[in-house]
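All remarks here apply to the structure that follows.
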Amino acid sequence: MSEYSILSQLNSPDDLKKLPLDKLPILCSEIRQKLIEVVSVNGGHLASNLGVVELTVMLHRVFKTPYDSIVWDVGHQSYTHKILTGRFNQIDTIRKKDGLSGFPKRSESQYDDFNAGHSSTSISAAYGMSKAKQIKGDKSYTIAVIGDASFTGGMSMEAFNNAGRYSKKLIIILNDNKMSISRNVGAFAKYLTKVRVNPWYQRLKFKLERGLLKTPLIGKPLTEFFSFSKSRIKKIVFKDTFFEYFGYTYFGPINGHDLEELNNAMEAAKKVKGPVLIHTVTTKGKGYEYAEKDPKTFHGINKFNIETGESPQSKESFSSVFGEYMCTVAAKDKRICGITAAMTPGVGLDNFCKEYKDRFFDVGIAEEHAVTFAAGLAAKGMVPVFAVYSTFLQRAYDQLLHDAAMQKLHIVIAIDRAGVVGDDGETHQGVFDVSMLNSLPNTTIYSPCYFDGFRKSMNEAIYHTDSLVSVRYPRGGELYRPANYTEVSVDYDFYGNKDSDVLLVTYGRLFSNACEPHEKVREKGGDFCILKFNRIKPLAQEAVDVAKKFKIIHFYEEGMENGGIAFTFAFKLYKMNYNGKLKIHGIRDEFVPHQSVAEALCQLGMDSDSIAKKLWEDIKNNSDEE
C-alpha cells in the first residue's frame, strides 16, 4: 500500500470527482502530509498552503476545471492546486531549478489560468476573464481566490467595485485567515472580525426559510415576503452590509475546513445570476502544530525539521542590522518613523514596532499608499523610512515619481531583497528597482556591500539628503570580504592597483564576487583594479575621471542593463571621449527564472569563477597585444 494511497491515484480533477465523499478527509490528510514533507526539504510557503487544502479540494470537485477558471491571488497558496492537477509526481521539484514554480504559471499547466506572485491582482484578472467569456458566449465560471490581507490592496478594491452588480459567472472566494505575513491591520480586518462573530444571522435565515416552506398554505407566501424583507431585517440586526452594497450575493462566514459547508456554498453560488462572494474562514498552518502556533515563521520558511519544527538559525542579516539601526536612531531622533506594507518580520522591524509604537505604521498590502503616506509625514517634518522588498516597491512607481521626487520630499526607502533572490523566481527577483529609480530626478541611491557600509549609507540617507533616497541591500548577510579591504568613502572606493590596465566596476554584493577573482588573477601573474560604487545615483564624477585612465573596463551589475547604472557610467565616459574598451555585464532584456541565487548568478556570468575567467582572458589578450 502506497504511503499516499489516495493521492497517488489522482491524475486530474476528474479523478477527484469520482472519489467517494468519505475518502475526502483522508485525501486532505495525505495532501497536508505531502506539503509538510516537500517544504521541509525545499523551503517555501507552508502555512498558507496548509490553510487552503479543503478549499482547494472542493474547488476542483465542484467546478469543472480547466473549463472553469481559478485565479489565485499572490499564488503562494497554490501547492495543493498543483498536486490535484496532474503535478503530484513533480511536486518534489517545486522552487528548484527546472522544476515547478512556487506560484501559478500559465506556461506550466492549462490549469494555471493566470500568473501570480504579487497580491491583489486576482479580482481584476478574473473579472477580465469572465467578461471575455461572456463576449464569446462561454458559459463557464471564473473564480478568484483572495486572502483577507490582499483584499485591502487598492487594486482589489478597484476591481471589486468595477465587477459588482453586472458580472455573470464570477465568484470571489474571500479566504479569511486573519493573516498576511504579519497579523492583519486596519478597518477591513476589524469588519471581517465583526462578520465572523455574527454567523448566527446566516444560520437563522436558512432555518427560517426551510421551516416556512414546510408550513401548509401560507409557507410559500411568507417565504416570498421574508425574501423581500430580508435586506431590511439584516440592516436592523446587522448594520454593515458591505458586500451587498457593491452588488454581490454574500455567502458566509463558511468554515473553510468543513467539506460539506464548502460544497453547499459553492453549489449555491453556481445558481446565482450575478457576482457572488463566498466568505470562508480558515486557519493558517492548519494540521501542523508548529505552523498553527507560529504562522508568521511558517509563512515562508527555509528547510526545517518536521519533528521539531526547527529551521537552521540564520546568521546576522542586512534585515536584522537594519532593524537594529532603526531602533538606535529612533531612540535619539523622534522624527524617525518606520513604515512597512504587511512585512514587519520580513524587513526586520519586529523590535521597532514594539519599542516605538507611535512611530511605527503597518499600512497593510498597499505599497502605493505607503509611499504617499510617507510623503505626507515628510511634508510635516518627520523622517519616514519605508522598508520594502525590491519586487514590491515597483508597484509604487507613480507615487515615488509624483508624490516624493517631484515634490522633493525627504523620504527614505530601505530596499530589502535587492538583486537576485532565487527560488521564488521571476515575480520576486529584485532586479528592477535600480533602473526604475535611476529614471527619477531628485533621487539618491545607495547600494552597500557590507554592514558597516550599510550603516554609513543609512546615516547619509537620513541626515545628509533632502529628497527621495533609497538604500538597497540583498537578502541574507555579508559575503566574502578581503582582509585588507577597508571602506573609506560612502560614495566609492578603489581596491587594488590603480596602475593596472584593467578596471572592474560594480556595486552591492557583487563586489564580494569580484574580490575572489582579483586574488585568483593575481596568483596567475595578472592584475586589475576594482571600483566599488557605494552611492550609485548620482555617480561621483571624480571616480569616473579616474576610471577613464584604464584601457579596459568591465562593469558588472546585478540588475537590468536597460536603464541601469552601467548605462549611466557609459554615457559619462562617452561625453569624456573615452577611447578604451567598455564591456557591460548585466541582466539582458529577460526575466530570471526560479533557481538558487548561486545558480542564477552562475547562469548570468556573475559568479566568481565566471568573472575570473573573463578578466583573465582580457588581461592575457591585452598583454599579448603589447
Side-chain angles (χ1 to χ4, degrees), residues 73-74 115-125 150 152-159 339-343 346-347 361 363-379 384-421 424-447 461 465 467-473 508 536-538 557-568 586-587 589-592:
D73 207 278
V74 184
N115 289 13
H118 292 181
S119 92
S120 310
T121 63
S122 62
I123 302 176
S124 296
S150 295
T152 61
M155 189 173 173
S156 289
M157 289 297 184
E158 292 169 15
I339 303 171
T340 178
M343 300 292 290
V347 298
F361 306 97
V363 301
I365 303 178
E367 292 83 6
E368 303 96 321
H369 163 57
V371 171
T372 304
F373 171 66
L377 286 170
V385 180
F386 174 34
V388 60
Y389 288 8
S390 170
T391 185
F392 301 135
L393 180 63
Q394 61 207 30
R395 296 164 68 95
Y397 180 82
D398 183 63
Q399 290 71 27
L400 291 164
L401 169 64
H402 186 272
D403 300 327
M406 194 177 292
Q407 299 188 68
K408 208 175 182 183
L409 288 169
H410 180 212
I411 70 174
V412 179
I413 311 292
I415 306 178
D416 203 331
R417 270 64 167 179
V420 172
V421 297
D424 283 334
E426 294 97 326
T427 57
H428 282 61
Q429 306 290 12
V431 298
F432 300 100
D433 62 275
V434 169
S435 53
M436 178 179 77
L437 293 169
N438 197 30
S439 67
L440 303 181
N442 300 332
T443 301
T444 302
I445 311 172
Y446 291 95
S447 190
T465 55
S467 186
L468 174 62
V469 55
S470 65
V471 180
R472 60 190 308 275
Y473 43 95
I536 59 176
K537 178 182 169 64
E557 181 166 23
E558 194 182 340
M560 305 306 292
E561 284 187 358
N562 290 334
I565 304 304
F567 279 21
T568 303
I587 300 174
D589 199 20
E590 60 190 12
F591 294 101
V592 181

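In what follows, residues are counted from 1 in the order of the sequence shown.
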* Structure fact -> For Phe392, the ring-ring contact (aromatic ring centres under 6.0 Å, His included) test, sequence neighbours excluded, returns His118, Tyr389, His428
* To do: Please step through side chain to side chain contact (heavy atoms under 4.5 Å, CB included) for the pair Asp416 and Tyr473, ending with a clear verdict.
  => CA-CA 5 Å; Asp416 203 331; Tyr473 43 95; 3.6 Å; yes
* Asked: About how many Å separate CD1 of Ile536 and CD1 of Ile445, when rounded to the nearest 0.5 Å?
  -> 5.0 Å
* To do: List in chain and number order the residues that pass side chain to side chain contact (heavy atoms under 4.5 Å, CB included) with Gln407, two or more places apart in sequence or in another chain; answer none if no residue qualifies.
  => Asp403, Leu409
* **Heavy-atom closest contact (Ser467 atom, Ala405 atom, distance)** => OG-O, 4.3 Å
* Asked: Are any non-hydrogen side-chain atoms of Met155 and Thr121 less than 4.5 angstrom apart?
  -> yes
* Asked: Is there a donor-acceptor contact under 3.5 Å from the side chain of Glu557 to the main chain of Ala566?
  -> yes
* Would you check if Phe386 and Val371 make a side-chain contact, meaning some heavy-atom pair closer than 4.5 Å? => yes
* Main-chain N/O of Ile365 paired with Ser150 side-chain donor or acceptor, under 3.5 Å -> no
* **Val347 side chain near Val388 side chain, heavy-atom distance below 4.5 Å** => no
* **Rounded distance [0.5 Å steps], CZ in Phe591 versus CE in Met560** => 7.0 Å
* To do: Mark yes or no for whether Ser119, through its side chain, and Val74, through its backbone, hold a donor-acceptor pair below 3.5 Å.
  => no
* Asked: Going by atom types only, do Tyr397 and Ser439 share a side-chain donor-acceptor pair under 3.5 Å?
  -> yes
* Asked: Rounded to the nearest 0.5 Å, how far apart are OG of Ser447 and CG of Leu437?
  -> 11.0 Å
* To do: Ignoring hydrogens and angles, tell me if any N or O in the side chain of Asn442 forms a donor-acceptor pair with the backbone of Lys408 under 3.5 Å.
  => no
* Leu400 to Leu393 - nearest heavy-atom pair and separation -> CD1-CD1, 3.9 Å
* Nearest non-hydrogen partners of Gln429 and Val421, listed with the distance -> OE1-N, 2.8 Å
* To do: Grab the two heavy atoms, one from Ala461 and one from Val469, that are nearest each other, plus how far apart they are.
  => O-CG1, 3.5 Å
* Hey, are the side chains of Leu377 and Ile339 touching, using non-hydrogen atoms and a 4.5 Å cut-off? -> yes
* Just by distance, do the side chain of Gln399 and the backbone of His369 share a donor-acceptor pair under 3.5 Å? -> no
* To do: For Pro384 and His410, work out which heavy atoms get closest and say how close.
  => CD-O, 3.7 Å
* Structure fact -> Taken to the nearest 0.5 Å, the spacing of Met157 CE from Ile123 CD1 works out to 8.5 Å
* Within a strict 4.5 Å, meaning less than it, do heavy atoms of the Phe567 and Asn438 side chains meet? -> no
* Asked: Are side-chain heavy atoms of Thr427 and Thr391 found at a separation under 4.5 Å?
  -> no
* Apply salt bridge (Lys or Arg N to Asp or Glu O under 4.0 Å) to Asp433 and list each qualifying residue two or more places apart in sequence or on a separate chain. => Arg472
* Might you point out which heavy atoms bring Thr443 and Lys537 nearest each other, and give the distance in Å? => O-CE, 3.2 Å
